[in-house]
S.K.: 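Can you keep this structure in mind? I'll have questions shortly.
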Amino acid sequence: MSQGVVQEMVATALLGALNGAKQKGQLKTDAWPALTLDAPKRPEWGDLASTVAMSLASSEQRPPYDIAQIIVDNLPRREQLFERVEIVRPGFVNLTVKPALWQEVLKEIEASGTAYGTADLGRGRRVQVEYVSANPTGPLHVGHGRGAAVGQALVRLLKAVGYDVTGEYYINDAGRQMKLFGASVYARYLELCGQSAAVPEDGYHGAYITAVAERIKGKLGGAPGHPAPADLEDRCRALAYQEMLGLIREDLTSFGVEFQSWFSEASLHESQAVEQVLDELKSRGLLLEQDGALWFRSSAFGDEKDRVVKKQDGEYTYLAADIAYHRDKLRRGYDLLIDVWGADHHGYIPRMQAVMQAYGHPKERLHVVLVQLVKLLRGGVEVKMSKRTGSFITMREVIDEVGADAAKFFFLMRDSRTHLDFDLELATQRSADNPVYYVQYAHARICSLWRVAAERGIPRPLAIEADLSVLTDPDELGLIRKLSAFPEILQTSAAAFEPHRITYYLQQLAALLHTFYNKHRILPAMGDQEQSDAGPTEELTPDKTAARLVLMRGVQQVIHNGLAVLGISAPEKM
RNA sequence: GCGCCCGUAGCUCAGUCGGAUAGAGCAUCAGCCUUCUAAGCUGAGGGUCGCUGGUUCGAUUCCAGCCGGGCGCACCA
């Protein structure tokens with residue numbers, strides 16, 4: 001796994017030390033453990049620490065401390081790379097890197113720009129992320145919003161680390177729910193035409209149904225007093241479906257979520273794909289008939305029991321279409337399938353992974369990302385949602401109230417598997433308490449430096465031209481170290497399919513930036529008599545200003561890149 | 001009953017391919033703030049990492065068993 005420039009140089013040095021020691025016969029192990037370098041918790045433990053000596057202890061059959069000593073003695077370019085090299089207690093090798101090395105990070109960021117942090121973990125492998133996939137029977141609600149945020153972030157994140165990614169929406173436009181939806185709209189339509197009609201018992205009763213019916217009436221025209229043509233209900237259902245899907249697309253667009261592909265469940269039935277897939281399973285002996293139904297033998301692949309795919313009444317189950325759908329995904333040649341599901345569907349995972357195995361793939365070919373419920377609050381008070389009365393909060397309402405950026409940020413703040421508290425009031429606050437604001441403001445703050453600098457005719461320096469050696473202050477180096485960790489954050493987030501790690505990182509980076517900004521001057525103060533009261537004023541030479549501006553530029557770039565991966569804008573002004 | 005997820009500071013949560021004295025934000029408390037680059041700043045207190053065993057030089061992290069919460073166990077989607 002590639003890391004930041006500095007981490008790579010240090011890892012190379014450590015590897016050199018290990019190989020050197022091996023050649024001298026001081027170490028005998030063949031395979032070195034992974035040379036991961038972590039930033040230690042305490043500053044006195046240096047910039048980077050390695051636990052490699054302790055990992056080698058058992059295979060070398062020597063105390064870790066001795067091994068650490070051997071490694072340290074064999075470190076190549078020790079004088080050029082390290083300020084301080086220390087071995088601590090069990091066998092930690094604590095390394096303090098020369099400031100000059102850290103300064104390289106800023107050049108790296110400048111050279112890479114929006115590509116800083118990206119990697120090639122994926123090596124072009126093809127991944128499909130399927131998300132949202134709500135029934136087109138109603139507007140998207142908050143839960144879909146979280147799923148949408150997570151899905152689109154995964155798409156961007158996996159792209160950033162070198163995968164070829166497609167985001168897809170599976171439209172559940174077949175089956176019972178669609179029929180009920182159509183019948184409900186049709187009933188409202190008839191009512192609008194002055195005829196008496198009843199919405200089915202278990203149909204849809206929300207106010208939006210009437211709204212859809214009204215639009216349809218506008219298209220079809222009323223049919224007052226006349227008996228409905230036989231196909232009127234079908235036409236009504238088809239229009240209702242189009243209306244609803246159109247609204248869903250609009251909502252997703254205003255949320256800044258774009259799908260490369262929309263896949264219709266109904267098309268699987270029309271193309272006979274469902275039958276074909278069952279035939280395939282049958283020929284493989286994975287289908288059995290019992291009690292007048294057809295069962296997929298998912299238990300052969302670790303599912304707790306077999307599952308019905310065709311019911312006694314001859315109807316296919318949802319699973320049958322889902323098998324055909326995932327079969328289709330596999331045919332399309334993806335190396336990895338990611339499904340983003342509501343957490344209540346977790347019991348479904350083993351049977352879908354059984355499908356992977358039924359087609360000769362490892363079950364890991366399908367990875368399911370679960371998304372837990374969102375609890376909406378307003379000023380700390382829970383916003384009650386009752387799905388039964390149809391008065392749930394829609395995604396649209398949330399976006400309208402807090403904006404797409406804030407909504408995405410909040411949705412991505414926590415591990416998607418855990419319940420999320422989302423305070424709508426907090427999300428719109430312009431204060432440090434609001435994490436979205438806090439992070440975006442850090443970016444805007446730096447942008448305002450450029451405006452002020454331009455007004456005063458202060459040049460905008462390039463990292464390769466500026467003298468970065470003046471960046472030796474602990475606060476400066478602390479910021480640079482944080483910036484250097486960004487590539488690894490991206491990669492670990494992607495590997496774990498956990499975008500929330502980036503959100504967390506950005507908050508930490510923003511905190512460092514604000515602290516720095518409050519404590520140190522970057523541009524020279526206006527006026528001459530700036531000898532403030534007590535305390536030594538920091539000397540601010542033009543060189544220092546230039547170097548700090550380069551540092552600020554680096555912070556700006558990383559915040560920008562991090563937010564971009566989450567699908568959130570980085571405003572220049574707020 | 002079986003299965004999956006979660007259990008970390010008062011609250012909301014990070015962190016675990018096993019590493020050093022477990023972190024952040026909010027809240028609380030204590031100071032500072034005649035202000036500019038933009039919407040205050042600095043610090044403090046606060047913990048048996050659910051419990052008990054096991055593996056290990058070392059466990060919040062891995063394993064087992066419990067406890068608590070959520071969800072799932074359909075010829076629904």
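By convention in this document, chain letters (A, B, ...) are assigned in the order of the sequence lines, proteins followed by strands, and residues within each chain are numbered from 1.
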S.K.: Would you kindly give the OH-to-P distance between A:Tyr65 and B:rG19, to the nearest whole Å?
M.R.: 21 Å

S.K.: Would you sort out whether A:Glu60 and A:Arg62 count as a salt bridge (Lys or Arg N to Asp or Glu O under 4.0 Å), showing the intermediate values?
M.R.: CA-CA 5 Å; A:Glu60 290 290 332; A:Arg62 300 184 64 168; 5.8 Å; no

S.K.: Is the shortest side-chain N to carboxylate O distance from A:Glu498 to A:Arg417 below 4.0 Å?
M.R.: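 Judged by the 4.0 Å cut-off on N to carboxylate O distance, A:Glu498 and A:Arg417 do form a salt bridge.
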
S.K.: Can you check the distance between B:rU8 and B:rC13, where both ends of the measurement are the C1' atom (answer in whole Å)?
M.R.: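 The same atom, C1', in both gives a distance of 9 Å.
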
S.K.: What's touching nucleotides 73-77 of chain B from the protein side, N or O pairs under 3.5 Å?
M.R.:
from	atom 1	to	atom 2	distance (Å)
B:rC73	O2'	A:Glu304	OE2	3.4
B:rA74	O5'	A:Lys305	NZ	3.4
B:rC75	O2	A:Gln312	N	2.6
B:rC75	N4	A:Asp291	O	3.1
B:rC75	N4	A:Gln312	NE2	3.4
B:rC76	OP2	A:Lys311	NZ	2.5
B:rA77	OP2	A:Tyr318	N	3.0

S.K.: Taking atom P in both B:rU12 and B:rU56, what distance in whole Å separates the two?
M.R.: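 Taking atom P in both B:rU12 and B:rU56, they lie 38 Å apart.
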
S.K.: What's the CD1-P distance between A:Ile349 and B:rG3, to the nearest Å?
M.R.: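 Interatomic distance, CD1 of A:Ile349 to P of B:rG3: 16 Å.
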
S.K.: Name the atoms and distances for all side-chain donor-acceptor pairs under 3.5 Å in residues 344-352 of chain A, with sequence neighbours left out.
M.R.:
none

S.K.: Ring centroids only, cut at 6.0 angstrom: are A:Phe411 and A:Phe422 within range, meaning strictly under it?
M.R.: yes

S.K.: When you compare the side chain of A:Phe409 with that of A:Val439, does any pair of heavy atoms fall below 4.5 Å?
M.R.: yes

S.K.: Go through A:Asp405 and A:Ser569 one step at a time and tell me if the side chain to side chain donor-acceptor pair (under 3.5 Å) criterion holds.
M.R.: CA-CA 7 Å; A:Asp405 279 349; A:Ser569 72; 2.4 Å; yes

S.K.: Just checking A:Ala444: base, sugar-phosphate only, or nothing, at a heavy-atom cut-off of under 4.0 Å?
M.R.: base

S.K.: Below 6.0 angstrom between ring centroids: does that apply to A:Tyr169 and A:Tyr131?
M.R.: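 That pair fails the under 6.0 Å test.
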
S.K.: Which nucleotide sits closest to the side chain of A:Tyr504: B:rU37, B:rG19, B:rA14?
M.R.: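 Comparing B:rU37, B:rG19, B:rA14 against the side chain of A:Tyr504, the answer is B:rA14.
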
S.K.: Tell me whether the side-chain N/O atoms of A:Arg42 come closer than 4.0 Å to OP1 or OP2 in B:rU21.
M.R.: no

S.K.: Tell me: CE of A:Met413 to C1' of B:rC13, nearest whole Å?
M.R.: 9 Å

S.K.: Does A:His346 get its side chain close enough to the base of B:rC5, under 3.5 Å, for a donor-acceptor pair?
M.R.: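 A donor-acceptor contact between them is absent.
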
S.K.: Taking NZ from A:Lys519 and C1' from B:rC36, how many angstroms apart are they, rounded to a whole number?
M.R.: 19 Å

S.K.: Map every base of RNA chain B to its dot-bracket character, where paired means a Watson-Crick or G-U wobble contact with both distances under 3.5 Å and | marks a partner outside the strand.
M.R.: (((((((..((((.....[...)))).(((((.......))))).....(((((..]....))))))))))))....

S.K.: Using heavy-atom distances to pick each residue's nearest nucleotide on RNA chain B, tell me which of A:Leu449 and A:Leu373 is more 5'.
M.R.: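 Its nearest nucleotide lies further toward 5', so the answer is A:Leu449.
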
S.K.: Answer yes when A:Arg451 and A:Glu572 have at least one side-chain N-carboxylate O distance shorter than 4.0 Å, and no when they do not.
M.R.: no

S.K.: Which nucleotide in the list B:rU37, B:rG70, B:rG15 gets nearest to the side chain of A:Arg501?
M.R.: B:rG15

S.K.: If you measure from the P atom in B:rG72 to the same atom in B:rC63, how many Å do you get, rounded?
M.R.: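 Between the two P atoms, the distance is 26 Å.
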
S.K.: Across nucleotides 6-11 of chain B, 5' to 3', mark each nucleotide with B, S or - according to how protein heavy atoms within less than 4.0 Å reach it.
M.R.: ------

S.K.: How about A:Arg553 and A:Trp450: do any of their side-chain heavy atoms sit closer than 4.5 Å?
M.R.: yes

S.K.: Figure out the CG/P separation between A:Leu37 and B:rG19, and round it to whole Å.
M.R.: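 Nearest whole value for this atom pair: 15 Å.
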
S.K.: Determine the Euclidean distance between corresponding P atoms of B:rC32 and B:rA24; express it in Å to zero decimal places.
M.R.: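 About 24 Å, rounded to a whole number of Å.
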
S.K.: Mind listing the N/O atom pairs, protein and nucleotides 40-45 of chain B, below 3.5 Å?
M.R.:
none

S.K.: How far, in whole Å, is B:rG46 from B:rA9 if one measures between their C1' atoms?
M.R.: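 Comparing C1' positions in B:rA9 and B:rG46 gives a spacing of 6 Å.
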
S.K.: Under a 4.0 Å threshold between the charged nitrogen and the carboxylate oxygen, would A:Asp475 count as salt-bridged to A:Arg548?
M.R.: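 A salt bridge is absent here (no side-chain N lies under 4.0 Å from a carboxylate O).
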
S.K.: Take atom CG of A:Asp38 and atom C1' of B:rG23, then tell me their distance rounded to the nearest Å.
M.R.: 15 Å

S.K.: With P as the reference atom in both, quote the distance from B:rC6 to B:rU48 in angstrom, rounded to an integer.
M.R.: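 The answer is 22 Å between these two P atoms.
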
S.K.: Does a side-chain N-to-carboxylate-O contact under 4.0 Å join A:Lys282 and A:Glu275?
M.R.: no

S.K.: Could you pull out the closest heavy-atom pair between A:Thr29 and A:Ser59, with the gap in Å?
M.R.: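 Taking every non-hydrogen atom into account, OG1-OG, 3.3 Å.
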
S.K.: Map A:Arg414 and A:Pro40 onto RNA chain B by nearest heavy atom, then report which one ends up closer to the 5' terminus.
M.R.: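 Comparing both residues, the 5'-ward one is A:Arg414.
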
S.K.: Find the distance A:Gln429:CD to B:rC26:P and express it as a whole number of Å.
M.R.: 11 Å

S.K.: Quick check: closest heavy atoms across A:Arg501 and A:Ser493, and the distance to 0.1 Å?
M.R.: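 Result for this residue pair: CB-OG, 3.4 Å.
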
S.K.: Measure from NZ on A:Lys375 to P on B:rU12 and round the result to the nearest Å.
M.R.: 8 Å

S.K.: Which part of the nucleic acid, if any, lies within contact of A:Met574, taking any heavy atom under 4.0 Å across all strands shown: a base, the sugar-phosphate backbone alone, or nothing?
M.R.: base

S.K.: Among residues at least two apart in sequence or on other chains, which ones pass salt bridge (charged side-chain N to carboxylate O under 4.0 Å, His left out) with A:Arg237?
M.R.: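 Checked A:Arg237 against salt bridge (charged side-chain N to carboxylate O under 4.0 Å, His left out); matches are A:Asp234.
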
S.K.: Describe the nucleic acid contact of A:Asn94 in one word from base, sugar-phosphate, nothing, applying a heavy-atom distance below 4.0 Å.
M.R.: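 Base: the residue A:Asn94, judged by heavy atoms under 4.0 Å, touches a nucleobase.
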
S.K.: Between the side chains of A:Arg481 and A:Asp47, is the shortest nitrogen-to-carboxylate-oxygen separation below 4.0 Å, so that they form an ion pair?
M.R.: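 Yes, this pair counts.
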
S.K.: Determine the Euclidean distance between corresponding P atoms of B:rC71 and B:rG10; express it in Å to zero decimal places.
M.R.: 26 Å

S.K.: Taking only Lys NZ, Arg NE, NH1 and NH2, and the carboxylate oxygens of Asp or Glu, determine whether A:Asp202 and A:Arg176 approach each other closer than 4.0 Å.
M.R.: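 Counted as a salt bridge, because a side-chain N and a carboxylate O are separated by less than 4.0 Å.
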
S.K.: B:rC73 and B:rC66: how far apart are their C1' atoms, nearest whole angstrom?
M.R.: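 My reading of the C1' atoms in B:rC73 and B:rC66 gives 22 Å.
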
